[in-house]
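Notes follow the structure.
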Amino acid sequence: MEKTLPAILEAGVQAAITDLYGADGTAVEITLQTTRREFEGEFTVVTFPLTRVARKKPDEIAEDLGQYLKEKVAEVADYNVIKGFLNLVISDEYWRDFLLTDGIADDYGQGAPKGETVVVEFASPNTNKPLHLGHVRNILLGWSSAQLLAKAGYEVKKVQIINDRGIAICKSMLAWQLFGGGATPESTGIKPDHFVGEYYVRFEQKFQEEYKAWQTTVEGKKTFALHGKPGQTTEAFFKGYSKKYFNEYSVLGAQASEMLRQWEAGDEATRALWNKMNGWVYKGFEETYAALGVNFDKLYYESNTYVLGKDMIDKGLEMGVFHTREDGSVYADLTDAKLSEKTLMRADGTSIYITQDLGTARLRYDDFGATRMLYTVADEQNHHFATLFELLKRLDEPYAPGLYHLSYGMVDLPTGRMKSREGTVVDADDLMKEVIHEARLVSQERAATSDLSEDDREEIIRQIGLAALKFHIIKVGPKKRMTFDPKESVDMQGQTGPYVQNAYVRTRAVWRKAEENGVAIDFALAKDYTKLAPAERELINQLYSFPELISTAAESYDPSLIAMFCYELAKNLHKFWHDHSILSAETPAAVAFRLQLCKAVGNTLQAGMRLIGIEVPERM
RNA sequence: GGCUGUGUAGCUCAACUGGAUAGAGCACUUGACUACGAAUCAAGAGGUUUCAGGUUCGAAUCCUGACACGGUCACCA
């Protein structure tokens with residue numbers, strides 16, 4: 001394909017304007033859109049904007065243009081005009097030729113290499129707890145975006161930064177030391193990240209007990225009397241006082257803080273314990289990533305990167321975009337960018353969170369030479385990333401224009417927000433187990449795969465369950481806060497992953513059948529199939545739009561577009577399947593053509609689903 | 001309170017970035033398997049796009065102002 005249809009049509013319309021109305025057609029913006037289902041045609045020219053240059057009524061313009069295009073542009077076979085909209089019908093020959101060349105190519109949709117590298121960050125968990133539903137959305141979004149960018153022709157590096165240090169992991173470590181009694185994941189048979197997470201929870205429990213008890217002591221009562229606001233209940237007061245208690249009165253708090261100090265001082269025993277427990281967590285995370293079907297090209301650890309960024313501060317000071325206060329602390333004044341005054345280094349010379357992010361960005365650029373960097377992080381950090389990007393822009397970093405915060409809405413349950421304190425957090429491993437279990441139940445009601453081995457059946461069930469879960473999450477636009485209903489996530493009918501998988505399975509089944517029958521099919525005949533049915537045109541038209549969609553979805557970092565595309569394509573395949581015979585079609589040419597159509601649709605469904613991290617089985 | 005995001009069918013979500021009669025799925029009602037696979041298809045019902053103004057040939061989309069619900073306003077991470 002030399003030029004795309006939209007480009008051909010646009011040029012045609014512009015030529016028509018020049019020829020028919022004597023205006024400079026190339027200066028006119030052409031509004032071209034895909035034709036709505038209920039009308040005949042594939043592309044539509046909106047003529048309202050042309051009334052000025054043509055000095056005619058919309059319907060008349062449409063009529064003029066339609067005739068002109070039908071005569072002069074080979075690809076346009078026919079047209080119709082409805083209320084100022086010019087619907088163009090693309091010729092059967094064009095569609096057929098497209099299908100039999102590009103459409104059935106194995107790598108259809110793969111963009112040409114752009115020679116640019118993109119770093120995509122996602123997941124980035126803390127190491128004190130197992131992954132949960134929020135991480136799942138993050139991971140699916142990040143992974144899908146990475147696949148999309150790769151498909152669009154970018155070189156992609158998938159990374160994450162692991163928050164492996166700080167007070168949180170120290171709490172787990174301390175609790176294990178105090179209450180673990182030497183237990184290990186091996187000795188208990190618990191998945192290692194869950195094992196560590198249990199000690200984090202244990203710490204919080206013990207801390208709460210200690211806190212509760214303290215509240216009734218003389219000291220506790222005195223604190224309330226002294227700091228409680230008038231009319232405030234003791235309960236409300238102590239709820240807000242917990243952090244202060246942790247830092248100033250709590251025995252456990254003091255011990256955890258001491259552990260953090262030991263860690264920072266490089267105390268050997270503390271480091272060893274830290275290594276051991278983080279090691280457990282990583283082992284558990286690996287399992288979860290593998291189950292989700294994701295991997296990374298490089299891992300960054302906060303314990304290494306938290307010291308970075310000092311040289312960035314020096315650079316900023318040198319450039320005059322950062323300033324020093326009297327006490328020696330460093331800040332940047334971002335008020336003219338509608339952001340606040342941001343401190344970057346404390347008076348004592350220690351750095352803060354955003355400083356290491358400056359350093360990490362630079363490190364990644366040095367590692368990969370990326371021109372774009374994508375951060376998959378929940379929208380609660382919008383402000384942080386706006387600040388970070390503004391700082392890097394002012395530092396004139398070469399990758400600054402390509403920074404993007406893939407900000408997504410948090411996941412709610414039907415009962416409201418997930419609260420770890422209330423035990424409503426949905427665990428990632430449990431969730432996967434649950435959807436696979438549900439797929440198994442549904443599968444057992446069917447006999448479609450009963451001839452397969454136990455292992456093969458189980459593999460298919462796994463793919464179906466995960467498809468249900470992943471599709472359910474990824475079909476929602478990233479920006480949108482989503483409500484996750486576990487009941488709906490295991491649905492396998494309608495707008496779901498298994499529905500799409502089923503369409504793929506059908507395209508494979510018909511080929512299998514054709515081979516079983518042993519009939520020699522002459523695929524050269526496919527080019528003799530001249531009159532396309534509406535359902536066939538629809539499918540081919542949709543296949544045709546795939547590369548453009550990949551590009552759009554990649555540039556807007558929106559994998560949900562791909563999910564919706566897969567669903568629509570599957571839907572049209574199902575309808576086609578229902579309305580038309582394939583192996584017993586009217587003519588040998590039709591048989592050959594439709595098999596090729598099935599192949600192209602199957603390939604594209606597989607490619608599309610792969611982009612959103614979903615596998616398609618051969619049978620189900 | 002400042003900044004910011006969201007508000008569309010009972011529920012979960014779309015709407016090609018200003019275009020045609022606002023579309024899907026779930027749930028509900030009804031029909032189609034001796035067909036290449038019914039995890040399917042077809043039909044029905046379901047809407048004042050939160051509200052009020054404005055911009056224009058044309059608004060769910062852009063502007064103004066309300067209302068509701070999130071998020072965020074650290075020398076925490």
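All figures in this text were calculated on a predicted structure; none of them were measured in a lab.
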Considering only the [atom1] atoms, how many Å lie between [N] and [M], rounded to the nearest integer?
N	M	atom1	answer
rU61(B)	rA22(B)	P	14 Å
rA59(B)	rG23(B)	P	16 Å
rC3(B)	rA45(B)	C1'	44 Å
rG31(B)	rC36(B)	P	25 Å
rC16(B)	rG54(B)	C1'	27 Å
rU4(B)	rG65(B)	P	11 Å
rA9(B)	rA60(B)	P	14 Å
rU6(B)	rU50(B)	P	13 Å

Q: For residues 563-573 of chain A, pull every pair meeting side-chain hydrogen bond (donor to acceptor under 3.5 Å, both in side chains), keeping only residues two or more places apart or in separate chains.
A: R37(A)-N572(A), Q542(A)-N572(A)
Q | Residue pairs fulfilling side-chain hydrogen bond (donor to acceptor under 3.5 Å, both in side chains) with at least one residue in residues 581-599 of chain A, sequence neighbours excluded | A | Y529(A)-R594(A), E536(A)-R594(A), E586(A)-R594(A)
[X] [atom1] to [N] [atom2], straight-line distance once rounded to whole Å:
X	N	atom1	atom2	answer
N163(A)	rA77(B)	CG	P	11 Å
M410(A)	rG71(B)	CE	P	7 Å
D59(A)	rG19(B)	CG	P	19 Å
D357(A)	rA77(B)	CG	C1'	10 Å
F246(A)	rA77(B)	CZ	P	15 Å
F385(A)	rA77(B)	CZ	C1'	12 Å
H383(A)	rC73(B)	NE2	P	7 Å
I82(A)	rG58(B)	CD1	P	21 Å

Quick check on [N]: is either OP1 or OP2 less than 4.0 Å from any side-chain nitrogen or oxygen of [X]?
X	N	result
K338(A)	rU4(B)	yes
R417(A)	rG71(B)	yes
K487(A)	rC26(B)	no

Q: Determine, for R325(A) against E341(A), whether the closest basic-nitrogen to carboxylate-oxygen distance falls under 4.0 angstrom.
A: yes
Is [X] touching bases, backbone alone, or none of the nucleic acid, heavy atoms closer than 4.0 Å?
X	value
D327(A)	base
E38(A)	nothing
Y331(A)	nothing
N382(A)	nothing
R52(A)	nothing
S407(A)	nothing
P58(A)	nothing
N87(A)	base

Below 30° counts as parallel, above 60° as perpendicular, anything between as tilted: where do the rings of [X] and [Y] land?
X	Y	value
F546(A)	F565(A)	parallel
Y375(A)	F385(A)	tilted
H132(A)	H135(A)	tilted

Q: Return the stacking result for rG19(B) and F48(A): yes when the ring centres lie under 5.5 Å apart and the planes under 30°, no otherwise.
A: yes
Q.
Are rG19(B) and F85(A) stacked, with the base six-membered ring and the side-chain ring centres under 5.5 Å apart and planes under 30°?
A. no
Q: Taking the six-membered ring of Y306(A) (Phe, Tyr or Trp), confirm whether the NZ or CZ of R165(A) is under 6.0 Å from its centre and within 45° of its axis.
A: yes
Q: Tell me whether the guanidinium CZ or amine NZ of K171(A) lies under 6.0 angstrom from the six-membered ring centre of F246(A) and within 45° of its axis.
A: yes
Please set out all donor-acceptor pairs under 3.5 angstrom arising from side-chain atoms of residues 354-361 of chain A, sequence neighbours excluded.
from    : atom 1 : to      : atom 2 : distance (Å)
T355(A) : OG1    : L344(A) : O      : 2.5
T355(A) : OG1    : I352(A) : N      : 3.4
T355(A) : OG1    : I352(A) : O      : 3.2
Q356(A) : NE2    : E302(A) : OE2    : 3.3
D357(A) : OD2    : H384(A) : NE2    : 2.8
T360(A) : OG1    : Q356(A) : O      : 2.6

Going by the rule salt bridge (Lys or Arg N to Asp or Glu O under 4.0 Å), which residues pair with [X] if we only count those two or more places apart in sequence or in a different chain?
X	answer
E555(A)	R372(A)
D333(A)	none
E459(A)	R462(A)
R446(A)	none

Q) For RNA chain B, what are the stems built from at least three Watson-Crick or G-U pairs in a row, each pair having both distances below 3.5 Å? A) B:1-7 with B:67-73, B:10-13 with B:23-26, B:28-32 with B:40-44, B:50-54 with B:62-66
(Q) Quick check on rU17(B): syn or anti? Syn means the glycosidic torsion is within 90 degrees of zero. (A) syn
Protein-nucleotides 8-17 of chain B N/O pairs under 3.5 Å:
from    : atom 1 : to      : atom 2 : distance (Å)
rC13(B) : OP1    : T483(A) : N      : 2.8
rA14(B) : OP1    : G477(A) : N      : 2.9
rA14(B) : OP2    : K480(A) : NZ     : 2.9
rC16(B) : O2     : T34(A)  : OG1    : 3.3
rC16(B) : N3     : T34(A)  : OG1    : 3.0

**Q.** Intermediate values then yes/no, salt bridge (charged side-chain N to carboxylate O under 4.0 Å, His left out), D451(A) and R619(A)
**A.** CA-CA 11 Å; D451(A) 60 313; R619(A) 300 177 54 183; 2.9 Å; yes
Q.
Determine whether a donor-acceptor pair (N or O, by modelled atom type, separation under 3.5 Å) exists between the side chain of D59(A) and the backbone of G84(A).
A. yes
Q. Contacts to RNA chain B from residues 164-171 of chain A, heavy-atom cutoff under 4.0 Å, which residues?
A. none
Q: Scan nucleotides 32-43 of chain B nucleotide by nucleotide, 5' to 3', and note B when protein non-hydrogen atoms come under 4.0 Å of the base, S if they reach only the sugar-phosphate, - if neither.
A: ----BBSBSSS-
Q. Under the ring-ring contact (aromatic ring centres under 6.0 Å, His included) criterion, do Y499(A) and Y504(A) qualify, and how do the steps go?
A. CA-CA 9 Å; Y499(A) 175 95; Y504(A) 173 79; over 10 Å; no
Q: Scan for ring pair (Phe, Tyr, Trp, His ring centres under 6.0 Å) pairs involving residues 39-59 of chain A, sequence neighbours excluded, and state none if there are none.
A: F48(A)-F85(A)
